[in-house]
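Below is one structure, written out as structure tokens, with a few remarks after it.
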Amino acid sequence: MLFDTLKELCELNAPSGFEKPVAEEIIRRLDGIYDYRVDNLGNILAFKKGKATPKNKIMLSAHMDEVGMIVTGVLPDGMLRIGMVGGIDPRVVLGRTVSVGEQKLPGVLGTKAMHMQTEEERSTAVPADKLYVDIGAKDKEDALKAVPLGTPVSFCGPYRELGEELICSKAIDDRFGCAVLLEMLKSDLPYDVHVAFCVQEEVGLRGSRTAAYTIAPDIAIVVETTTASDLPGVEEERQVCRLGKGPAVSFMDRSTIYDRELYDLAFRIAKEHDSPCQTKTMIAGGNDAGAIHVSRGGVKTIAVSLPGRYLHSPSTVVSKADALAAAKLIPLLAEEAASL
Amino acid sequence: MDVAELLLTLSGCTGVSGAEQPVAERIAEIIKPFCQRVEIDPLGSVLASVRPAKEGYPTVLLDAHMDEVGMIVTYIDDKGFLKVGNCGGVDRRLLLAQRVIVHGKEPVYGVIAAPPPHLSTGEERKKVPSMDELVIDIGCSPERARELVRPGDRVTIDAPGARLLNDRICAKASDDRAGVAAVLRAVELLDKEEFPWGIKALFSVQEEVGERGAKAGGFAADCDIALAVDVSFALTSDAPEHKCGRMGEGPMIGISPTLTASISDRFVALAKEHDIPYQLEVMAGETSTNADALGVAGKGAKTGLLSIPLRYMHTPVEVTEPADMENTARLLKEFIKEGGELYAV
């Protein structure tokens, strides 16, 4: 169930600021069942009544947007200039097909043949400002007929099973969070919960800022995806976290020093339920917690993240076992946090 | 045959240098109805005897290479990750986080990684990993990895083709499946025509690692005229203009000291006569195509070269325009059909 939802959500294209396809799918699943509203930025703020109203108002959040690109100009020969939306290593887009705009026009990011490159060019990455998308247009006018400036561009990275128990897809960051929260809403909940599906995380934690303001929670749980660098040749302390070792719960990253009580609680619950859980062994990354924990007068915040290799690429790789362990931990954590 | 359809079909077949069997089988199947005989030579090339020459007339060999650049598994490490080397010229700048198919016991999906991924910022993002630093993540335990994959298995980038605007086609291995498509189409166009020349077609292996298939195939075909059909650079704004042709403006007729001048001239004359768009590609010596090997195979052959303009050569997103393939096929057809007494033996 979780993976069906995840696959459906990952296959939608929603770079930051263009979250509509994902928002519509989430609303389709909420409509008529749960209370929800869509705020001025496009965040979906849902509420589900539980068996009781808890001592602490709990907000769970995930972001709907994904990293992508946006058309910033057209060259005389009809090539589209692009800007990166969110933190993309330009090395992971060259030599790939992309999907341009709502009409999903195929485009490619090519380069002059290696035969015409100098030795230095061959070993230097093509910087983002030298990348262009070829949609087959004959010239500038031809291109602009099909693609106006400001059109979003998405990775093509179909959802696929990889190896023994891994998944590979674009946009797992953070459709995973969206999928977990949608599944959680379906279950019987002991307490009321607020769930925020946020916009614009990848361009500065912007949606979650207003979502947290409106919901005004006491405690927030961010459901995310985080970098795992568990590859050969990477020293153990630089691996950050590892696939197959359960969800990652961090004490500190680049945006947040997490609430210590919630941090300890997450590990205690995982241990009690014999479910794997790991800490991040490097201060790296950041997520909506950075905006949420400083909302209003301050919010005790924790993030539970699915470890993913090759994050912010068309081919993020995660473990199904980790995903299931996270999906198990999150409702338990919300339940206990509600009565802290 | 619709050349665009044909190119997408051929692009979907696997055939990294030295392991061309899947694409060879498909090509043999397609050309068979037009041929007297189709054989696979000892290196794996498809040699098709299309029709014999009438007494006193030459047999022309049409060549296009069917191999594609790719990678080859060299080692499986103790975590189940694969190490690879390149088969032919692979542009390393576009490999990170690419999806690949490892052609093992069964097709195995994988992702290319170079540690440390994505912690890198600034300076590190400008670096291009060497082949040696790359690994392929197939998500398997070392035991399972060794069951599925052996050193020597080929790896291709998982790149489904796409139709772009203006009928242009994005398809991996268009170098030189676009040439293969043009040769197949030429053979079809000539099928019902009356003319005295004989035709053989060679779909050669291992061009990308040194024109090896053409060396052996050219010898075995033993023709007096050999025409290589390959791809060449189509202009993009990041490329030097003087080295490029233009997409959609017809086959690039090769002119070079290593090619037979009278063949180049004949191509130009026929293109003008039959209103076939063309461009000239002048090279100062060897052409880095099979024409180099075909010209000196065995007793030697008069050699011509037609190239289809292609963008982004040796990337998984090579782009061509089908009209250029169709026009290449038309020009080949006229060359053979109207050969007459020219080059009579």
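A, B, ... follow the sequence lines: proteins, then strands. Residue 1 opens every chain. Predicted model, so just to flag it, every value in this text is computed and none were measured.
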Quick one: do A:E11 and A:R175 make a salt bridge, cutoff under 4.0 Å?
no

When you measure from the side chain of A:D65 to the backbone of A:E201, do you find a donor-acceptor pair of N or O atoms at a distance under 3.5 Å?
yes

Against chain A, label B:R93 side chain, backbone, both or neither, depending on which of its atoms sit under 4.5 Å from a heavy atom there.
both

Please identify, among B:P129, B:S141, B:G110, the residue contributing the most non-hydrogen atom pairs under 4.5 Å to chain A.
B:S141

Is B:E321 in contact with chain A via its backbone, its side chain, both, or neither, using a 4.5 Å heavy-atom distance?
side chain

Does the plane of the ring in B:H314 sit parallel, tilted or perpendicular to the ring in A:H115? Use 30° and 60° as the thresholds.
perpendicular

Would you find a donor on one side and an acceptor on the other, under 3.5 Å apart, between the side chain of B:R154 and the backbone of B:S17?
yes

Report which part of A:P158 has an atom under 4.5 Å of a heavy atom belonging to chain B: side chain, backbone, both, or neither.
both

Tell me, with the steps shown, if B:R311 and A:V108 meet side-chain contact (heavy atoms from CB on, under 4.5 Å).
CA-CA 11 Å; B:R311 285 178 180 164; A:V108 306; over 6 Å; no

Atom group of A:A143 that falls short of 4.5 Å from chain B, counting heavy atoms
neither

Ignoring hydrogens and geometry, is there a side-chain-to-backbone donor-acceptor pair from B:E208 to B:C87 under 3.5 Å?
no

Does any N or O in the side chain of B:N166 come within less than 3.5 Å of the main-chain N or O of A:G136, such that one atom is a donor and the other an acceptor?
yes

Would you say the side chain of A:E202 lies within less than 4.5 Å of the side chain of A:V85, judging by non-hydrogen atoms?
no

B:D137 versus chain A, the contacting section by heavy-atom distance below 4.5 Å
both

Between A:K170 and chain B, which part of the residue has a heavy atom less than 4.5 Å away: side chain, backbone, both or neither?
backbone

Please classify the contact of B:V108 with chain A as side chain, backbone, both or neither, using a heavy-atom distance under 4.5 Å.
neither

What residues of residues 97-106 of chain A sit under 4.5 Å from chain B when only non-hydrogen atoms are counted?
A:T97, A:L105, A:P106

If one checks every heavy atom of A:I88 against chain B at 4.5 Å, the contacting part turns out to be backbone

Give a yes or no on whether the backbone of B:G250 and the side-chain of B:Q279 come within a donor-acceptor separation of less than 3.5 Å.
yes

Checking the side chain of B:Q98 only, and the main-chain atoms of A:G95 only, is there a donor and an acceptor separated by less than 3.5 Å?
yes

Under 4.5 Å from a heavy atom of chain B, the part of A:L166 involved:
side chain

Hey, are A:R160 and B:D158 close enough for a salt bridge, meaning a charged N less than 4.0 Å from a carboxylate O?
yes

Where on B:A162 is there a heavy atom nearer than 4.5 Å to chain A: the side chain, the backbone, both, or neither?
side chain

Using heavy-atom distances under 4.5 Å, tell me whether B:L95 contacts chain A through its side chain, its backbone, both, or neither.
backbone

Quick check: do A:V126 and A:L131 have side-chain heavy atoms less than 4.5 Å from each other?
yes

Would you mind checking which part of B:S130 comes under 4.5 Å of any heavy atom in chain A, side chain (CB onward), backbone (N, CA, C, O), both or neither?
neither

Please state whether the side chain, the backbone, both or neither of A:I135 comes within less than 4.5 Å of a heavy atom of chain B.
both

salt_bridge(A:D230, A:R309) N-O dist < 4.0 Å:
yes

Which is it for A:T279 and A:F251 under the side-chain contact (heavy atoms from CB on, under 4.5 Å) test, yes or no, and what are the steps along the way?
CA-CA 7 Å; A:T279 193; A:F251 44 83; 3.4 Å; yes

Interface moiety of B:D77 toward chain A, non-hydrogen atoms closer than 4.5 Å
side chain

Which atoms of B:C140 come close to chain A, meaning under 4.5 Å heavy atom to heavy atom: side chain ones, backbone ones, both, or neither?
both

The side chain to side chain contact (heavy atoms under 4.5 Å, CB included) partners of A:S169 (sequence neighbours excluded) come to A:C10, A:Y159, A:I172

Out of B:K243, B:R99, B:K79, B:E318, which one racks up the most heavy-atom pairs below 4.5 Å with chain A?
B:R99

Tell me which of these, B:S288, B:P160, B:A239, has more heavy-atom pairs under 4.5 Å with chain A than the rest.
B:A239

Side chain A:R91, main chain B:L96, donor-acceptor under 3.5 Å:
no

Given the options B:Y312, B:Y109, B:F81, which has more heavy-atom pairs under 4.5 Å with chain A than any of the others?
B:Y312

For each of B:V111, B:T315, B:D78, tally heavy-atom pairs with chain A at distances under 4.5 Å, and name the one with the top tally.
B:V111

